[in-house]
Amino acid sequence: MNRLARESSPYLLQHADNPVDWYPWGAEALEKAQQEDKPIFLSIGYAACHWCHVMAHESFEDENVAAILNEHFVSIKVDREERPDLDRIYMAAVQALTGSGGWPMSVFLTPDGLPFYGGTYFPPTPRHGLPSFTQVLSAVANAWQTRRRELAEGGLRLAQAIQRQMFPLEPETLQSQTLQPAILHQAVHSIRQSFDPRYGGWGGAPKFPQPMILEFLLRYALVTGDAAALQMVIHTLEAMARGGLYDQLGGGFHRYSVDAHWTVPHFEKMLYDVAQLARVYLHAWQLRGDPFYRAIVEESLDYVVREMTDPAGGFYATQDADSEEGEGSFYLWTPAEIRALLGDQAAPFLAAYGVTEEGNFEGRNILELKGSLAERQALAAARRRLLEARQRRPAPRRDEKVLTSWNGLMLAAFAEAARALGRADYRQVAARNADFLLRALRLDDGRLLHVWKDGVAKIDGYLEDYAGLIDGLLELYQTTFERRWFDAARELADAMLERFGAPDGGFFDTSADHEALLVRPRELQDNAVPSGSAMATVALLRLADLAGEPRYSDAALASMRLLLPLLARYPLAFGHWLTGLSYALAHPRQVAIVGFPAVDDTQALLAACRDGYRPHQVVALGAPGDPAPLPLLRGRDLVDGRATAYVCFDATCRPPVHDPAALRDLLEEKGYGPMR
């Protein structure tokens with residue numbers, strides 16, 4: 001066993017018995033490289049990564065490969081989910097060196113951390129235009145001996161280029177950036193140009209779900225009435241939920257589709273995908289009322305409760321693509337297996353889910369909904385029977401670490417679904433998760449930690465941890481109206497502003513007292529999850545409206561101005577930023593309701609706020625005479641002894657109302673307008 005046996009990350013533990021003399025990232029490995037004057041081989045991946053497993057089996061378990069690595073390199077293995085800072089820095093290097101990136105990521109560094117060569121997967125023998133991994137190792141070892149100065153100089157230039165990427169605009173340019181609706185209109189035009197009208201989504205194979213773009217388009221369609229924007233969302237949501245990307249039996253989404261039509265997924269399941277997509281489908285249901293969307297939300301969240309929740313209350317990170325029988329085998333079916341389980345119900349199920357003798361994946365079938373939604377509903381009992389049988393199969397491996405940032409995303413999904421769907425059980429799941437995160441991953445001084453597993457929390461929290469948890473807590477407050485969730489969100493926001501601020505008004509991904517790295521990372525583009533900066537911006541805008549404190553919105557708008565010229569030009573890379581800009585320009589409503597929570601007139605006003613899709617508002621509720629009300633509730637009381645709603649927007653408060661219909665009128669969308 002190598003040093004990785006002492007780690008808690010399931011990904012690192014998967015490599016603990018490799019013959020490679022692996023080190024985790026840390027002082028021991030870096031000092032060894034300096035002392036022995038050896039280059040570093042840095043391998044970054046994650047537990048659910050199929051090709052990470054392939055390269056591990058082909059190369060890292062091979063004695064000959066290990067001998068080369070152990071003689072010529074200091075080998076460091078990193079879990080990208082534990083160390084997103086390292087992943088972002090060295091992914092930027094690989095993308096600059098090769099024009100693309102992905103995992104497993106393989107990077108070669110000087111002893112002081114400068115990247116000079118890299119790639120992703122390298123095969124054991126040359127194929128598909130790729131050199132073998134041993135050829136790469138030999139060439140790099142030779143170059144280190146013969147061209148060391150050249151490599152170091154190239155690494156320094158690369159580090160400088162990565163540093164420049166962190167600051168996209170010159171300081172004098174920032175002051176001239178104004179928040180205008182034209183940016184949103186131009187972004188939607190660009191999004192429409194790259195839309196796939198046949199299968200939905202954007203781009204070809206592989207095709208990713210793009211929940212942030214879908215969310216932005218929903219909000220844009222709501223405010224503008226743009227039917228074409230809404231149709232892009234509806235077409236994509238139905239295609240994804242009918243296809244193999246969606247787990248037709250167990251609920252939840254796989255990471256992406258290897259084809260353009262959502263049939264064959266890359267079978268791993270990531271918590272962040274399920275969280276983001278559950279919210280998009282929830283919002284589509286609120287807007288359209290389609291019971292199919294509601295079913296997708298509930299099946300996805302029920303999957304998380306059933307299979308991805310730790311007894312302590314945290315949500316697990318991922319499920320693997322592989323099980324004992326190979327990639328995706330857990331999810332595949334033959335007609336004979338289905339007939340044996342369903343008997344007389346087999347024929348309609350086979351027809352509705354496109355199951356054939358030849359199959360659609362390696363001779364077996366990934367279930368796709370080919371039939372009508374009515375047939376889907378009629379086959380609910382059959383799906384449950386197949387799911388029960390599937391649960392007896394060897395299950396995919398599960399990465400049971402709990403990540404604060406991803407838990408924040410899922411917390412928000414459960415909290416919002418609880419109030420929208422009237423699910424008290426989801427409310428309990430959300431409250432338990434929030435309590436766990438604040439208890440297990442927040443230190444006494446208010447700082448967050450990034451990861452928890454088996455009772456141990458570690459690694460300084462990143463910007464995305466603070467921002468994701470703030471967003472989740474704000475959603476939970478607006479579901480329960482328990483003051484403690486708002487207070488925790490505001491405390492975290494104050495810590496975030498203090499510890500992560502950048503000189504141009506934006507944010508860094510790491511705190512001011514974080515470990516010194518090659519550069520201080522700052523991811524501005526959204527990826528599979530929103531960038532930490534985008535999440536911070538959106539969370540601060542909403543907190544500002546609840547707290548009535550302009551310093552939060554000032555910080556958010558300063559951050560947003562960094563990227564305004566890029567949002568319209570490259571919208572697919574900045575979906576969550578566009579959501580934030582949409583919120584800022586949509587005349588968001590601040591709603592304060594004063595009344596006794598259990599009384600009918602109070603509940604009627606709350607129902608008006610929760611009626612339909614209302615993403616551009618915040619709601620606070622307080623009882624009359626509360627000695628320590630939320631800022632939005634201060635100075636407000638019952639009028640004529642009845643529950644009363646106070647609505648403010650555009651820096652102006654309207655007269656208080658008692659009638660739910662009058663409240664709905666005040667909450668109606670007004671359209672986009674430039675910021676004052």
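Worth knowing before you read on, the calculation uses all heavy atoms, side chains too, and leaves out hydrogens, waters and symmetry mates. For the single chain, residues carry numbers from 1 onward in sequence order.
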Would you kindly say whether Tyr272 and Glu81 are connected by a side-chain donor-acceptor distance under 3.5 Å?
-> no

Rounded to the nearest 0.5 Å, what's the gap from CG on Leu572 to CH2 on Trp202? Could you check?
-> 7.5 Å

When you measure from the centre of the six-membered ring of Trp333, is the NZ or CZ of Arg393 under 6.0 Å away and within 45° of the axis?
-> yes

Pair Asp85-Tyr462, side-chain donor/acceptor within less than 3.5 Å | yes

The side-chain hydrogen bond (donor to acceptor under 3.5 Å, both in side chains) partner of Lys207 among Thr236, Asp259, Asp196 is Asp196

Rounded distance (nearest 0.5 Å) linking atom CD of Glu368 with atom CG of Leu245 | 10.5 Å

Could you check Phe73 against Phe108 for ring-ring contact (aromatic ring centres under 6.0 Å, His included), going step by step and ending with a plain yes or no?
-> CA-CA 9 Å; Phe73 301 90; Phe108 296 89; 5.5 Å; yes

Hey, what's the ring geometry for Phe253 with Tyr281, parallel, tilted or perpendicular (30° and 60° as the breaks)?
-> parallel

Kindly indicate, with the supporting measurements, whether the criterion ring-ring contact (aromatic ring centres under 6.0 Å, His included) is fulfilled by Phe349 and Tyr353.
-> CA-CA 6 Å; Phe349 188 93; Tyr353 284 92; 4.6 Å; yes

Which one of Gln35, Gln34, Glu36 satisfies the side-chain hydrogen bond (donor to acceptor under 3.5 Å, both in side chains) criterion with Lys32?
-> Glu36

Given ring-ring contact (aromatic ring centres under 6.0 Å, His included), test Phe208 with Tyr256 step by step and report yes or no.
-> CA-CA 5 Å; Phe208 290 81; Tyr256 64 88; 4.6 Å; yes

No-hydrogen, no-angle side-chain donor-acceptor test under 3.5 Å, His450 and Asp460 = no

Can you check side chain to side chain contact (heavy atoms under 4.5 Å, CB included) on Ser106 and Tyr121, steps first, answer last?
-> CA-CA 7 Å; Ser106 306; Tyr121 165 79; over 6 Å; no

Using the ring of Tyr316 (Phe, Tyr or Trp, six-membered ring only), decide whether Lys453 places NZ or CZ under 6.0 Å from its centre and within 45 degrees of its axis.
-> no

Report yes or no: do Gln319 and Glu307 form a side-chain donor-acceptor pair below 3.5 Å?
-> yes

Quick one: do Arg339 and Glu357 satisfy salt bridge (Lys or Arg N to Asp or Glu O under 4.0 Å)? Show the steps, please.
-> CA-CA 12 Å; Arg339 291 189 188 102; Glu357 295 295 339; 3.4 Å; yes

Go through the steps for Asp526 and His576 under the test side-chain hydrogen bond (donor to acceptor under 3.5 Å, both in side chains), then give the verdict.
-> CA-CA 7 Å; Asp526 296 327; His576 202 60; 5.8 Å; no

Which of Lys458, Arg83, Lys401 passes salt bridge (charged side-chain N to carboxylate O under 4.0 Å, His left out) with Glu7? Answer is Lys458

State, without any angle test, whether Ser533 and Ser531 hold a side-chain donor-acceptor pair at a distance under 3.5 Å.
-> no

With a cut-off of 6.0 Å (strictly less than), are more than 12 heavy atoms of other residues, nucleotides or ligands near CZ of Arg198?
-> no

Using only heavy-atom distances, determine whether the side chains of Asp87 and Trp103 contain a donor-acceptor pair under 3.5 Å.
-> yes

Parallel, tilted or perpendicular: rings of His235 and Phe195 (30°, 60°) | perpendicular

Pair Lys38-Glu31, salt bridge (Lys or Arg N to Asp or Glu O under 4.0 Å): steps then yes or no | CA-CA 10 Å; Lys38 287 182 177 179; Glu31 289 170 4; over 6 Å; no

Under 3.5 Å, is there a donor-acceptor pair linking the side chains of Trp25 and Glu515?
-> yes

Is it true that the side chains of Asp320 and His53 contain a donor and an acceptor less than 3.5 Å apart?
-> yes

Pick from Trp262, Tyr246, Tyr331: which one makes a ring pair (Phe, Tyr, Trp, His ring centres under 6.0 Å) with His254?
-> Tyr331

Side chains of Asn2 and Asn18, donor plus acceptor under 3.5 Å | no

Donor on one side chain, acceptor on other, Ser100 and Gln95, under 3.5 Å = no

With a 4.5 Å heavy-atom cut-off, do Glu268 and Met270 have their side chains touching?
-> yes

Run the side-chain hydrogen bond (donor to acceptor under 3.5 Å, both in side chains) check on Arg3 and Tyr23 step by step: do they pass?
-> CA-CA 6 Å; Arg3 293 166 190 81; Tyr23 286 77; 3.0 Å; yes

Check: Thr120 side chain, Gly101 main-chain N or O, donor-acceptor pair, under 3.5 Å = no

Any side-chain heavy-atom pair of Ile459 and Glu82 under 4.5 Å = yes

Describe, in one word, how the ring planes of Phe122 and Phe133 are oriented to each other, choosing from parallel (under 30°), tilted (30 to 60°) and perpendicular (over 60°).
-> parallel

